[in-house]
Amino acid sequence: MTIPGVDAMTAVTVLAAVGDFHRFSSADKLVSYLGLNPRVRQSAGMPAHHRRITKAGCGKARGMLVQAAFAALRSPGPLRALHQRIKARRGMQIAIVAVARKITVIAWHLVTKEQDYAFARPSLVAFKRRKLELTAGAERRIARRGPGYDYNDKQLRRQEREIAEQAERAYAVLAAQWQTKRPASTPRLPAIPGTESESVTCIA
């Protein structure tokens with residue numbers, strides 16, 4: 001629930017569909033289990049073609065992750081920067097699915113490493129947790145301010161939002177300067193003695 005856009009309902013739905021996160025050795029395998037990975041078609045040495053997502057696994061959990069991606073766009077942060085970058089190249093729908101996939105990857109790392117989201121907003125997380133407690137039947141604190149009350153402080157929310165905006169800009173700069181690794185060049189076969197000069201003669 002420290003991930004932007006993920007509330008108690010989304011977290012419970014994903015946990016019910018996945019179970020033990022540790023049974024997946026990598027985040028990519030969890031993504032495949034939830035059907036958020038694209039189909040890949042490739043023949044021999046031809047380039048790979050990526051198609052629609054496989055939609056394998058629990059459709060309810062996948063749908064909740066997509067809704068969480070829409071909700072994450074309402075607050076600043078690296079997830080929104082990721083959406084804007086992919087949307088400019090591939091369109092709205094592909095960008096939303098990419099954000100849902102990224103949330104799944106982040107969730108796997110957080111659960112398996114027992115960590116909180118690095119760019120979480122503390123007051124918002126406390127507010128979500130307190131809301132979950134009240135939904136579960138916890139006693140209301142009349143005239144007593146709990147951790148979730150800090151979310152009502154406009155100045156505190158503005159400070160947390162500014163920090164999230166800085167993280168969003170930092171991700172955008174990093175992504176803009178990122179250079180993909182070029183494939184290794186194919187080694188050239190050794191020239192047969194005498195053929196090089198003959199080919200030059202023919203060209204001349």
Side-chain angles (χ1 to χ4, degrees), residues 1-22 24 27 30-31 33-37 53 55-84 86-87 92-141 144-168 171:
M1 290 176 59
T2 59
I3 305 174
V6 178
D7 58 359
M9 186 61 65
T10 303
V12 171
T13 303
V14 173
L15 284 173
V18 175
D20 186 7
F21 276 65
H22 293 85
F24 297 95
L30 177 60
V31 170
Y33 179 78
L34 294 175
L36 288 170
N37 58 320
I53 59 176
K55 295 185 178 181
C58 180
K60 182 66 175 179
R62 184 170 56 255
M64 294 295 287
L65 287 168
V66 171
Q67 293 300 322
F70 276 106
L73 302 183
R74 294 199 292 264
S75 60
L79 290 176
R80 191 169 71 174
L82 171 67
H83 174 267
Q84 293 174 351
I86 298 179
K87 178 183 176 182
M92 177 71 176
Q93 297 298 327
I94 295 179
I96 285 293
V97 175
V99 175
R101 181 189 183 280
K102 181 62 69 174
I103 291 176
T104 306
V105 172
I106 294 174
W108 181 87
H109 284 282
L110 297 184
V111 174
T112 55
K113 299 176 183 178
E114 298 182 356
Q115 298 178 354
D116 291 337
Y117 184 56
F119 305 104
R121 298 168 61 180
S123 64
L124 177 58
V125 175
F127 175 79
K128 291 194 291 185
R129 288 178 176 173
R130 181 55 182 166
K131 184 179 179 181
L132 175 60
E133 292 176 357
L134 295 175
T135 304
E139 180 183 359
R140 293 184 177 274
R141 302 168 182 172
R144 289 182 296 172
R145 296 180 178 179
Y149 186 84
D150 294 338
Y151 187 67
N152 297 323
D153 189 346
K154 293 184 179 180
Q155 182 178 359
L156 180 60
R157 282 190 296 175
R158 182 169 59 253
Q159 292 175 355
E160 291 184 355
R161 187 177 183 88
E162 290 176 354
I163 295 175
E165 290 175 349
Q166 292 178 0
E168 180 178 346
Y171 176 86

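Only heavy atoms go into these numbers, but all of them, side chains included; no hydrogens, no water, no symmetry mates. Here the structure is a predicted model, which is why all the values come from computation and not from measurement.
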Exercise. Measure the CZ-OG1 distance between R130 and T135 for me, rounded to the nearest 0.5 Å.
Key: 10.0 Å

Self-check item: Heavy-atom closest contact (V111 atom, H22 atom, distance)
Solution: O-CE1, 4.2 Å

Practice problem: Please examine the side chains of Y33 and T104, heavy atoms only from C-beta on, and report whether any two atoms are closer than 4.5 Å. | Solution: no

Quiz prompt | Contact check, side chains of I53 and R101, non-hydrogen atoms, under 4.5 Å | solution = no

Quiz prompt | Residue pairs fulfilling salt bridge (charged side-chain N to carboxylate O under 4.0 Å, His left out) with at least one residue in residues 74-84, sequence neighbours excluded | solution = R80-E168

Exercise. With rounding to the nearest 0.5 Å, note down the distance linking CE in M64 to CZ in R62.
Key: 13.5 Å

Exercise. May I ask you to check whether K113 and H109 show a side-chain donor-acceptor distance below 3.5 Å?
Key: yes

Exercise. Would you name the heavy atoms of L65 and A100 that are closest together and state the gap between them?
Key: O-CB, 3.7 Å

Quiz prompt | Heavy-atom side-chain proximity of K131 to D7 below 4.5 angstrom | solution = no

Quiz prompt | Spacing of R121 atom CZ and T2 atom OG1 [to the nearest 0.5 Å] | solution = 13.0 Å

Practice problem: Supply the atom-to-atom distance M1 CE to D116 CG, rounded to the nearest 0.5 angstrom. | Solution: 11.5 Å

Self-check item: Straight-line distance of D153 CG to R157 CZ, nearest 0.5 Å
Solution: 8.0 Å

Exercise. State, with a plain yes or no, whether a side-chain heavy atom of L79 is found less than 4.5 Å away from one of I3.
Key: yes

Quiz item: Quick one: are V125 and Y117 in side-chain contact, heavy atoms under 4.5 Å?
Solution: no

Quiz item: Looking at V99 and A69, what are the two nearest heavy atoms and their distance?
Solution: CG1-CB, 3.6 Å

Quiz item: Shortest non-hydrogen contact from V14 to F21?
Solution: CG1-CZ, 4.1 Å

Practice problem: Please round to the nearest 0.5 Å and tell me the distance separating atom CD1 of I86 and atom NZ of K102. | Solution: 8.0 Å

Quiz item: What are the two closest heavy atoms between T10 and A68, and how far apart are they?
Solution: CG2-CB, 4.1 Å

Quiz prompt | 4.5 Å side-chain heavy-atom contact, F119 and S75 | solution = no

Self-check item: Closest approach of V105 to A27 (non-hydrogen atoms, all atoms of both residues)
Solution: CG1-CB, 3.8 Å

Quiz item: Can a salt bridge be assigned to the pair E133 and R129 using a cut-off of 4.0 Å between side-chain N and carboxylate O?
Solution: no

